[in-house]
There are 4 protein chains.
Amino acid sequence: MLAKRTEAADDRRRQILEAAVVCFAEHGFHQTSMHDISAEAGISVGFIYRYFKNKDEVIAALAAGHKKEIAQLLERARQAPTLLESFEILFTSHCTEDAPRLISSFVVDLFAEAGRNPKVARLVRDVVRTKTRGVTDLIARSPDSKHRLNGLPPNQIAEMIFAINDGTLMRSVLAPARMSSAQQRKRQLDVARTLWQLLFKAKKRPAYA
Amino acid sequence: MLAKRTEAADDRRRQILEAAVVCFAEHGFHQTSMHDISAEAGISVGFIYRYFKNKDEVIAALAAGHKKEIAQLLERARQAPTLLESFEILFTSHCTEDAPRLISSFVVDLFAEAGRNPKVARLVRDVVRTKTRGVTDLIARSPDSKHRLNGLPPNQIAEMIFAINDGTLMRSVLAPARMSSAQQRKRQLDVARTLWQLLFKAKKRPAYA
Amino acid sequence: MLAKRTEAADDRRRQILEAAVVCFAEHGFHQTSMHDISAEAGISVGFIYRYFKNKDEVIAALAAGHKKEIAQLLERARQAPTLLESFEILFTSHCTEDAPRLISSFVVDLFAEAGRNPKVARLVRDVVRTKTRGVTDLIARSPDSKHRLNGLPPNQIAEMIFAINDGTLMRSVLAPARMSSAQQRKRQLDVARTLWQLLFKAKKRPAYA
Amino acid sequence: MLAKRTEAADDRRRQILEAAVVCFAEHGFHQTSMHDISAEAGISVGFIYRYFKNKDEVIAALAAGHKKEIAQLLERARQAPTLLESFEILFTSHCTEDAPRLISSFVVDLFAEAGRNPKVARLVRDVVRTKTRGVTDLIARSPDSKHRLNGLPPNQIAEMIFAINDGTLMRSVLAPARMSSAQQRKRQLDVARTLWQLLFKAKKRPAYA
DNA sequence: CATGAATGAGATTTCATTCAT
DNA sequence: AATGAATGAAATCTCATTCAT
């Protein structure tokens, strides 16, 4: 019997999930044992099973958490005063943490898992959809994008933004361990600005001859 | 004692690796057992060990194979008559196979694994470097890019191309199983052309005002 | 993660080691499977690993136990009222158990293992040193040995005693299964007395001629 | 079908057995694979099976070889001009080889194996019997032993000699690898002479008071 | 004859999960 | 509630043995 969803229970859940994400990011889902998680959380193994039916549910819960974080990220991006700033927020999302590699490792593993675990796939697909829609909206509403974008529709731009975003995330698992959060953040800002320039600053480029 | 590298042995190796990539793509590295691979390859478990020291070596061999394929892909892209065609080749690489999801699942898992397994990380990092350099070169040499690119240097463009490429690949693991290779290919071509338009067709757009 | 060293845990350890020594004596270290041990102990295989890191650690623990037993044996020998009685204790040590062949088989295998496993070698070497020193002391302190011993120094005598002791032990693995503990004990006492006679009773023999 | 016992076949057998004893001494019977033996002998695995039905037969053949060697050793001891020299030959038998640890490791393992493998047990028991009888004879015929031996019967002396011999052999597996054959030989000679002194030189010791 | 490719049973070890306390 | 002892299925890897070439 799983524990009821009281506030205290939610705290427990969070505690377990926080430990889990650390382990998962470091060793991957399937090389992390339940014991690893319990040790990281400072609780007993059996305890985890009071709050999660099994290991897959822990993964699923984390995927759900990821979905929520993405929703919050979108919200923050939406409230930025300019579109460039929105982009900057989106592109550096996984660098604001004190452990950027942790997040990216986890997310890449999540996608890998989605490739085979239908439950995870459904959630991740949902995240992707939410992200794309949110950013499409963001672009469409921006006064910046009135006449520009090289004639591309907002949703195509949005897809490209996320392709770039996911692509750099995927690659960031290769970043040497010594690379600081700040350094990674800087790299990501560069990418955001490059894209920005491509999309909106074309005119500024001196017309060739 | 591993088998010597005769031609017959190389055939066996290939046979095993082909089976392994199918299993890995379907279930991930760590949820594929050596028995799964042997069953898929139609041989006995022990036999795999005559050709690969252990499971990690199978993964590493596959990663090395990936590296070689990327090198060939670059070569093909290099020989395309126009830069746009080069782009199209690069962006649809994983769709030409009869099993596009297989390839992408494998590659995403490979990146996830690179986040923890240093041997794999080294190989993947190598692949990334080769890719980026190759495409940087491709762009720099192209007559198309003489005065355009919105003032961005070729290597920054190259990085962006691959970010997009990897990003779409990462996302493609979510593609519903029923999506055909042709459909995916079409999507990828769209992305390639969007990027192309962004990079090189800007001038064509009537300057607002 | 190994279980902590509580009293209950120590009981478990003992239970496992007792089962292990039975199996090892009967089939040797390398022909005893972990499953054999678990079956003999009446527990599950995996459970052994909560108490011992691996099979080698089981062997090492048993070797350590042997060391302790030898130390106790020496103590008992030391407290015997006469040197002859000390000898008798030393020579019959492995016969007092209800399973003399068990002990000898185990010890011979332990020496065989010491020839290749450095960890075991270190322990066995330690046992040998302790034994030799202890008996050297025993002899040196004995009033019996004041002027006799055929002019041989105590440590040479001690070495010989243990050579004989180990030699008979080594041979005792050949004793037919039906040979009772009592019979073996009697044989060993004969050896002890023969040695004693050789060392100390020489004078009583009528000088030839 | 095993190969017939022609002279050429016997050569093959010897070649295999020589390789086997090296492997067995180094790693023990049950940690030596048939492949190890074939590699050491420079032949194929399958080839071994033409000359020996299985691994156990290889061990048995080696045990039989040991028996023959012991018979030859006894013959040499018998032909020595004095009893002391006979002793010296017996005690240093395993040191004359260029690999003393090899022989002792093998013999100790052989005894361990005898504790469980009845076929081996029978052979080893036979060896022990042959040895004891031979030496009993040796002593009984020696003019040295006419009136001495502290009143002990020759067969008891013989048993003791072999106990010592086996005991030192058993212990010699602990000799550090760097100990040379010559050093070990010297040690063994010391033991032989100590025993000799004990048995026959008692008279020389000044009778105390 | 001789080889070594091929097998598959079996060994060691791990780990998700349960349950008595 | 919370623990962690206990299980046993399953994974990785080895190796004696066979047999087609």
Side-chain angles (χ1 to χ4, degrees), chain A residues 1 3-4 8-9 12 30-39 42-58, chain B residues 1-4 6 8-9 11-12 30-39 41-58, chain C residues 1-4 6 8-9 11-12 30-39 41-58, chain D residues 1 3-4 8-9 12 30-39 42-58:
Chain A
M1 182 74 68
K4 287 195 209 113
R12 292 300 202 181
H30 302 294
Q31 279 168 304
T32 294
S33 72
M34 293 303 264
H35 180 85
D36 289 342
I37 300 174
S38 79
I43 56 168
S44 69
V45 220
F47 194 49
I48 299 178
Y49 284 86
R50 275 195 61 76
Y51 294 95
F52 299 93
K53 217 167 68 101
N54 54 37
K55 196 177 172 182
D56 267 19
E57 294 292 308
V58 178
Chain B
M1 188 71 61
L2 291 191
K4 284 182 214 135
T6 67
D11 277 354
R12 289 300 197 179
H30 301 295
Q31 276 170 305
T32 294
S33 71
M34 294 304 265
H35 179 83
D36 291 341
I37 299 175
S38 78
I43 55 169
S44 68
V45 214
F47 198 44
I48 299 178
Y49 287 88
R50 274 192 68 76
Y51 294 95
F52 298 93
K53 216 161 73 78
N54 52 39
K55 196 179 174 179
D56 267 21
E57 295 289 308
V58 177
Chain C
M1 189 70 63
L2 290 191
K4 285 182 213 138
T6 68
D11 277 355
R12 289 300 198 183
H30 301 294
Q31 277 170 303
T32 295
S33 72
M34 294 304 264
H35 179 82
D36 290 340
I37 299 175
S38 78
I43 57 171
S44 67
V45 216
F47 197 42
I48 299 178
Y49 286 86
R50 274 192 66 76
Y51 295 96
F52 298 94
K53 220 164 67 81
N54 53 36
K55 197 179 175 183
D56 266 20
E57 295 289 307
V58 177
Chain D
M1 181 72 69
K4 286 194 208 117
R12 293 299 201 182
H30 302 293
Q31 278 170 304
T32 294
S33 71
M34 292 303 264
H35 180 86
D36 290 341
I37 299 175
S38 79
I43 54 168
S44 70
V45 221
F47 194 49
I48 299 179
Y49 284 86
R50 277 196 59 75
Y51 294 96
F52 299 93
K53 212 163 73 88
N54 54 35
K55 196 178 172 182
D56 267 19
E57 294 291 308
V58 177

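Since we're looking at a predicted model, the values are computed, not measured. First the proteins, then the strands, lettered A, B, ... as listed; each starts at 1.
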Review point. Would you say the side-chain atoms of B/Asp36 pair up with the backbone N or O of B/Ser33, donor to acceptor, closer than 3.5 Å?
Key: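 Yes; judged by distance alone, with no hydrogens or angles, the pair exists.
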Review point. Quick one: is E/dA2 close enough that its OP1 or OP2 comes under 4.0 Å of any side-chain N or O from D/Arg12?
Key: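 Yes, because at least one side-chain N or O of D/Arg12 sits under 4.0 Å from OP1 or OP2 of E/dA2.
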Practice item. Select base, sugar-phosphate, or nothing to describe what B/Thr32 touches, counting heavy atoms under 4.0 Å on all strands. Key: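 Sugar-phosphate, backbone atoms only, no base.
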Check your understanding: What is the nucleic acid contact for C/Tyr51, judged by heavy atoms within less than 4.0 Å: base, sugar-phosphate only, or nothing?
Key ->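 Sugar-phosphate only.
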Point to revise | Nearest heavy-atom neighbours spanning C/Arg12 and C/Ile43 | key: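 Result for this residue pair: NH1-CG2, 4.4 Å.
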At what distance, to the nearest 0.5 angstrom, does [atom1] of [X] lie from [atom2] of [Y]?
X	Y	atom1	atom2	value
A/Met34	A/Ser44	CE	OG	11.0 Å
C/Tyr51	C/Asp11	OH	CG	9.5 Å
C/Phe52	C/Leu2	CZ	CG	9.0 Å

Measuring from the side chain of [X] (C-beta onward, heavy atoms only), which nucleotide among [options] has the closest atom?
X	options	value
B/Ser44	E/dG8, E/dT3, F/dT7	E/dG8
C/Ile43	E/dC1, F/dT7, E/dT17	F/dT7
A/Val45	F/dG4, E/dT7, E/dT14	F/dG4
D/Lys55	F/dT17, E/dA16, F/dT7	F/dT17
B/Met34	E/dT7, F/dT12, F/dA1	F/dT12
A/Ser33	F/dT18, F/dG4, E/dA16	E/dA16
D/Tyr49	F/dT18, E/dG4, E/dT18	F/dT18
D/Arg50	E/dT13, E/dC1, F/dA11	E/dC1

Whole angstroms only, please: what is the [atom1]-[atom2] distance between [X] and [N]?
X	N	atom1	atom2	value
D/Asp36	F/dA16	CG	P	8 Å
D/Ile48	E/dG4	CD1	P	12 Å
B/His35	F/dA9	NE2	P	16 Å
B/Gln31	E/dC15	CD	C1'	13 Å
B/Leu2	E/dG4	CG	P	15 Å
C/His30	E/dT12	NE2	P	10 Å
D/Phe47	F/dT18	CZ	C1'	17 Å
C/Phe52	E/dT14	CZ	C1'	18 Å

**Study point:** D/His30 atom NE2, over 12 foreign heavy atoms within 6.0 Å
**Key:**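 Enclosed.
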**Study point:** 5' precedence on DNA chain F between C/Ala3 and B/Asp56 (nearest-nucleotide basis)
**Key:**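 Its nearest nucleotide lies further toward 5', so the answer is C/Ala3.
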Review point. Starting at the 5' end of DNA chain E, what dot-bracket string do you get if Watson-Crick and G-U pairs under 3.5 Å are bracketed, crossing pairs use [ ], other-strand pairs use | and unpaired bases use dots?
Key: .||||||||||||||||||||
